[in-house]
Asker: 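This is the structure, below, for whatever I ask next.
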Amino acid sequence: MSTPDRPGTGPDEPREGEEPRPHPDIDAEFARLTEGLSLDEDPLTVEDVLDAPAADEEEGEPTIAVVATSVASAKALAGAIRLGREARTDGIDIPTGTSTHDTPSGALAVGPLREAAAHDLAAIASTALQRSGIVLFWRRGDRMTATRYRNGERGEDISPAIVLGAVDDVVEQLLLGATTLEQLGEGIDPSGLSRSQALRWIAFGKKRK
């Protein structure tokens, strides 16, 4: 059975024979903890965080990815990429903005892609092309890379200068900004193909137009 506290025995009250305990100066403690903080600024909201620009956007540097292949036509490459996505088991998808284009040296898959998306595209394309090796070129600002892919797997990184001579001149022009994606033309979006259309284009789109 509990008994009521006797006067003078509460947690903040001095016991018999003790000096009274000083109460903390709440205003002074609050002022110390908030020193240097501006309470006039609006607090950060969830929308502020979601609307914050990504690192690539902050740098203001456009990105471009070019997957160089030996496929004879843009139609056949678009069909291969569509089926390559279906064959993947890791769930990666064809990056938004991807398009395929014809060149005399082999069809290209290009897009204004960030680095991770560029490697996704190369992995999908090389899954469908199996033993045919491809090269992914990627650039942002002063940084340019080249990476080999085969059988859906990433290979070694190589110097772009070594392999640029083996592909059409438009690849270098795209990477250097001498030719833009808009100047390259609309191209073909592989993600917009049905499976049956992709199969037809692979079967009948092998001749260069």
Side-chain angles (χ1 to χ4, degrees), residues 56 61-85 92 94-193 197-209:
D56 287 348
E61 296 176 336
T63 59
I64 185 168
V66 181
V67 176
T69 78
S70 59
V71 177
S73 73
K75 280 190 171 183
L77 179 56
I81 292 173
R82 166 63 178 82
L83 296 183
R85 178 193 64 185
I92 62 174
I94 300 170
T96 301
T98 298
S99 60
T100 62
H101 301 263
D102 288 310
T103 79
S105 300
L108 307 176
V110 304
L113 310 179
R114 296 188 180 182
E115 190 170 16
H119 283 279
D120 285 348
L121 174 60
I124 291 170
S126 64
T127 295
L129 299 177
Q130 298 181 355
R131 292 185 297 275
S132 298
I134 65 174
V135 178
L136 165 66
F137 297 91
W138 183 79
R139 181 172 185 177
R140 184 185 69 195
D142 294 332
R143 183 185 173 204
M144 184 189 301
T145 63
T147 307
R148 295 187 189 275
Y149 272 83
R150 185 182 292 272
N151 291 324
E153 298 293 333
R154 180 172 178 169
E156 73 274 20
D157 293 333
I158 51 180
S159 169
I162 294 176
V163 286
L164 277 173
V167 297
D168 194 83
D169 290 343
V170 72
V171 175
E172 183 174 6
Q173 293 168 8
L174 285 167
L175 293 170
L176 297 180
T179 297
T180 66
L181 293 175
E182 289 75 16
Q183 292 171 331
L184 195 61
E186 184 177 355
I188 302 169
D189 180 0
S191 64
L193 303 181
Q197 188 176 20
L199 289 169
R200 289 197 305 271
W201 282 12
I202 291 173
F204 301 108
K206 294 181 179 179
K207 292 183 179 180
R208 297 189 180 98
K209 301 297 182 182

Asker: Write down the atom of Ala76, the atom of Val71, and the distance for their closest heavy-atom approach.
Answerer: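 Taking every non-hydrogen atom into account, CB-CG1, 3.7 Å.
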Asker: Sub-3.5 Å donor-acceptor pair from the side chain of Arg82 to the main-chain atoms of Ala198, do we have one?
Answerer: no
Asker: Are Val66 and Arg139 side-chain neighbours, meaning at least one heavy-atom pair lies under 4.5 Å?
Answerer: no
Asker: Leu199 versus Leu83: any side-chain heavy-atom pair under 4.5 Å?
Answerer: yes
Asker: If you compare all heavy atoms of Phe137 against all heavy atoms of Pro160, which two are closest, and at what distance to 0.1 Å?
Answerer: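 Minimum heavy-atom separation between Phe137 and Pro160: CE2-O, 4.3 Å.
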Asker: Could you tell me if the side chain of Thr98 sits less than 4.5 Å from the side chain of Pro190, heavy atoms only?
Answerer: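 They are in contact (side-chain heavy atoms under 4.5 Å apart), so the answer is yes.
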Asker: Within a radius of less than 6.0 Å around CD of Glu156, do more than 12 heavy atoms belonging to other residues, nucleotides or ligands occur?
Answerer: yes
Asker: Pairs in or reaching into residues 150-175: which pass ring-ring contact (aromatic ring centres under 6.0 Å, His included), with residues at least two apart or in two chains?
Answerer: none
Asker: With rounding to the nearest 0.5 Å, note down the distance linking CG in Leu77 to CG in Asp102.
Answerer: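 Taking CG in Leu77 and CG in Asp102, the distance rounds to 9.0 Å.
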Asker: Give a yes-or-no answer on whether the side chains of Ser99 and His101 include a donor-acceptor pair shorter than 3.5 Å.
Answerer: yes
Asker: Decide yes or no on side-chain contact (heavy atoms from CB on, under 4.5 Å) for Leu176 and Met144, but give the supporting numbers first.
Answerer: CA-CA 9 Å; Leu176 297 180; Met144 184 189 301; 4.1 Å; yes
Asker: Please find the pair of heavy atoms, one from Gly97 and one from Pro112, that lie closest to each other, and give the distance.
Answerer: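 So the two residues come closest at O-CD, 3.8 Å.
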Asker: Can you name the residues that form a side-chain contact (heavy atoms from CB on, under 4.5 Å) with His119, not counting sequence neighbours?
Answerer: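 Expected list: Glu115, Leu136, Thr147, Tyr149, Arg154.
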Asker: Ignoring hydrogens and geometry, is there a side-chain-to-backbone donor-acceptor pair from Trp138 to Ala116 under 3.5 Å?
Answerer: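 The answer is no, because no donor-acceptor pair under 3.5 Å joins these two groups.
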Asker: Suppose we screen for side-chain contact (heavy atoms from CB on, under 4.5 Å). Which residues come up paired with Glu182, at least two apart in sequence or across chains?
Answerer: Thr180
Asker: Please tell me if the side chains of Ile81 and Leu121 come closer than 4.5 Å, counting only heavy atoms from C-beta onward.
Answerer: yes
Asker: Calculate, to the nearest 0.5 Å, the distance between atoms NZ and CD1 belonging to Lys75 and Ile202 respectively.
Answerer: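 Output value for this atom pair is 13.0 Å.
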Asker: Could you state the interatomic distance from OG1 (Thr145) to CZ (Arg140), rounded to the nearest 0.5 Å?
Answerer: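 If we round to the nearest 0.5 Å, Thr145:OG1 and Arg140:CZ are 10.5 Å apart.
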Asker: Got a second to check how far Arg85's CZ is from Asp120's CG, nearest 0.5 Å?
Answerer: 12.5 Å
Asker: Is there a donor-acceptor contact under 3.5 Å from the side chain of Thr100 to the main chain of Ala109?
Answerer: no
Asker: Could you tell me if the side chain of Ile124 sits less than 4.5 Å from the side chain of Ile92, heavy atoms only?
Answerer: yes
Asker: If I compare all heavy atoms of Gly133 with all of Arg150, which pair ends up nearest, and what's the gap?
Answerer: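 That would be N-NH1, 3.8 Å.
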Asker: Which atom pairs, one a donor and one an acceptor, fall under 3.5 Å between side chains of residues 161-175 and the rest of the protein, sequence neighbours left out?
Answerer:
unit_1, atom_1, unit_2, atom_2, d
Asp168, OD2, Val170, N, 3.1
Gln173, OE1, Thr179, OG1, 3.1

Asker: Ala146 and Ser159: which non-hydrogen atoms are nearest, and at how many Å?
Answerer: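 Result for this residue pair: CB-C, 4.5 Å.
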Asker: Using the side chain to side chain donor-acceptor pair (under 3.5 Å) criterion, which residues pair with Thr127? Sequence neighbours excluded.
Answerer: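 Testing Thr127 for side chain to side chain donor-acceptor pair (under 3.5 Å), a comparison that skips the adjacent residues, returns Arg88.
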Asker: Just grab all the ring-ring contact (aromatic ring centres under 6.0 Å, His included) pairs involving residues 162-193, residues at least two apart or on different chains.
Answerer: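 Sorted result for residues 162-193: empty, none.
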